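Report on the structure given below.
Protein chains get the first letters and strands the later ones, always in sequence-line order, with residue 1 at the start of each. Not measured: the values here are computed from a predicted model.
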Number of protein chains: 2
Amino acid sequence: MKEVLPQFNSAVSIDCVLFGFDGGELKILLIERNEEPFKDWWALPGNLIDEDESVDQSASRILHELTGLSDVYMEQYYTFGEVGRHPQGRVISVAYYAMLRLGGDKALKPLTTYAKKAQWINVRELPKLGFDHQHIFDKGLEKIKRRIKHLPIAFELLPEKFTLTQVQNVYELILGKKLDKRNFRKKILSFGVLKELDEKQKGVSFRAATLYKFDKRKYAKLFGKEISF
Amino acid sequence: MKEVLPQFNSAVSIDCVLFGFDGGELKILLIERNEEPFKDWWALPGNLIDEDESVDQSASRILHELTGLSDVYMEQYYTFGEVGRHPQGRVISVAYYAMLRLGGDKALKPLTTYAKKAQWINVRELPKLGFDHQHIFDKGLEKIKRRIKHLPIAFELLPEKFTLTQVQNVYELILGKKLDKRNFRKKILSFGVLKELDEKQKGVSFRAATLYKFDKRKYAKLFGKEISF
DNA sequence: AATATAGTGTGTATTAATTACACTAAGTAA
DNA sequence: TTACTTAGTGTAATTAATACACACTATATT
């Protein structure tokens with residue numbers, strides 16, 4: 001019986017849908033490519049995996065290279081493996097999404113060498129994307145629409161301290177519809193993972209809202225028992 | 001600017017969690033390996049993809065080779081990419097599940113050459129599995145627990161004509177808990193995707209139950225509008 | 001000081017969905 | 001005919017989801 005070593009039969013890459021919220025709009029990070037194929041096109045940030053790292057590690061590394069960020073909640077959601085999806089050869093891509101706070105203290109520092117630039121772009125005004133990246137994005141948005149109803153991923157988009165109105169904005173942007181303020185507040189508070197702070201919003205020219213923060217300890221206690229919208 | 005073709009950087013395989021229901025037990029198909037590594041161990045059926053097929057096509061092909069079946073509802077659910085998961089090299093595995101009827105007219109004809117045998121095994125009595133296949137199975141079971149609540153995948157496990165008690169058995173086995181008969185029937189019928197037949201169960205030594213079938217036409221109409229438990 | 005502005009913050013009634021719960025009916029076998 | 005086994009059914013109680021409107025408060029403006 002001969003022993004057959006597994007032969008490499010594909011290139012494997014990671015593509016990331018990085019969601020960001022800047023206080024008003026839901027955005028994703030796109031790069032403008034500087035290489036063929038799809039030179040000068042916009043595309044999702046991504047790269048080939050290294051042979052000595054897991055796909056999760058690879059996703060973290062690539063995110064880090066693209067943004068300078070580490071320790072970000074990041075989740076695999078689908079693997080795209082159509083034969084013709086990369087015009088120059090067989091590339092299977094494992095897609096991840098991440099949720100990032102924008103405009104905070106630490107700015108994002110893309111270290112992309114293969115891109116002319118990286119830019120946060122409103123998800124409602126996406127340009128034409130290279131490869132099958134529109135499809136990858138669509139699937140990603142669909143995923144988080146579901147997941148946001150059960151998991152506390154929305155808070156990843158917000159600054160450490162936030163108002164309930166901000167949380168509602170995030171939900172409305174992701175779900176693509178308006179929600180009733182009273183019902184929303186009732187529900188989001190009923191999950192018991194928000195801690196009301198003894199502190200108010202500042203710098204607004206109207207009544208300042210109470211600030212809250214996401215309480216990881218309480219969430220850990222409820223883990224398993226899922227949040228549900 | 002040099003143009004870089006994507007280099008192959010991994011072997012990619014498919015692993016399948018094939019669920020089957022024989023009237024009493026929830027089972028999955030396992031093979032007993034006849035090759036190193038994990039010779040003589042049980043493992044999930046799977047194989048390397050071909051370079052000229054999509055991962056979905058690959059999954060269908062592999063399922064066909066293992067069971068002789070085609071046109072089976074099959075869905076990708078996760079990609080496993082730990083570095084050390086295959087002892088002989090870098091193999092990334094895309095996992096799929098499928099739901100099959102067992103014991104029907106057409107028996108399954110595994111055409112596995114790399115396995116000593118293939119066998120349906122009760123999910124509550126799984127042997128020790130090679131590779132990270134226990135983990136792949138666990139994740140798969142978790143997935144279908146969720147999906148069975150929203151999608152009509154459970155009917156794929158049943159014969160064309162079935163009783164409501166059989167449907168309930170399938171749900172109880174997958175969810176791992178007892179359900180109330182009256183509430184279950186109320187709910188499953190309220191989805192409106194079952195058609196009551198003018199026919200009764202046969203060959204039982206007690207009151208025969210009414211047979212139903214899954215109505216694909218009605219389901220198609222409701223498509224998009226999701227079923228929910 | 002008065003006023004306009006803009007977002008904050010709250011409660012209740014209605015409806016729908018979920019849960020809990022127990023007996024009778026029908027068929028088969030002895 | 002009786003005993004046995006599973007099929008089949010309804011209602012009340014609870015909980016969750018929805019719909020809906022106005023008063024409060026901080027600031028900016030005049």
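Using cut-offs of 30° and 60° for the angle between ring planes, the B:Phe80 and B:His135 rings count as perpendicular. Between B:Phe155 and B:Phe214, the ring planes lie parallel to each other; the angle is under 30°, not in the 30° to 60° tilted range.
The distance from atom NZ of B:Lys187 to atom C1' of D:dG10 is 18 Å, rounded to the nearest whole Å. Distance, A:Gln166 CD to C:dG7 C1': 13 Å, rounded to whole Å. Summarising the geometry, the separation between CG on A:Leu179 and P on D:dA17 is reported as 13 Å, rounded to the nearest angstrom. Between the NZ atom of A:Lys178 and the C1' atom of D:dT18 there is a distance of 18 Å, given to the nearest Å. Rounded to whole Å, the distance from NZ on A:Lys202 to C1' on D:dT27 is 15 Å. Counting to the nearest Å, the P atom of C:dT8 and the CD1 atom of A:Ile188 are 15 Å from each other. A:Gln201 has its CD atom 13 Å from the C1' atom of C:dG9, to the nearest Å. In this structure, B:Leu189 places its CG atom 14 Å from C1' of D:dG10, rounding to the nearest Å.
Considering only side-chain N and O atoms, A:Arg185 lies nowhere under 4.0 angstrom from the phosphate OP1 or OP2 of C:dT10.
Nearest-nucleotide positions on DNA chain D for A:Lys186 and B:Leu211 put B:Leu211 closer to the 5' end. With the nearest nucleotide of DNA chain C identified for both A:Thr210 and B:Asp180, A:Thr210 has the one nearer the 5' end.
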Inset, instruction - If a protein heavy atom is under 4.0 Å from the base, mark B; if only from the sugar-phosphate, S; if neither, -; do that for nucleotides 22-30 of chain C going 5' to 3'. - result: B--BBBSS-
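Taking every side-chain heavy atom of A:Asn183 into account, D:dT18 is the closest of D:dG10, D:dT18, C:dG9.
In this structure a side-chain-to-backbone donor-acceptor pair under 3.5 Å is present from A:Thr67 to A:Leu63.
With sequence neighbours left out, A:Gln168 forms a side chain to side chain donor-acceptor pair (under 3.5 Å) with A:Glu172. Every residue meeting the side chain to side chain donor-acceptor pair (under 3.5 Å) condition with A:Asp132, not counting sequence neighbours, appears here in chain and number order: A:Arg85.
Contact detail for B:Gly23 and B:Asn169: the closest heavy-atom pair is O-ND2, 4.5 Å.
Residue-environment remark: CZ (B:Arg217) stays at or below the threshold of 12 foreign heavy atoms within 6.0 Å.
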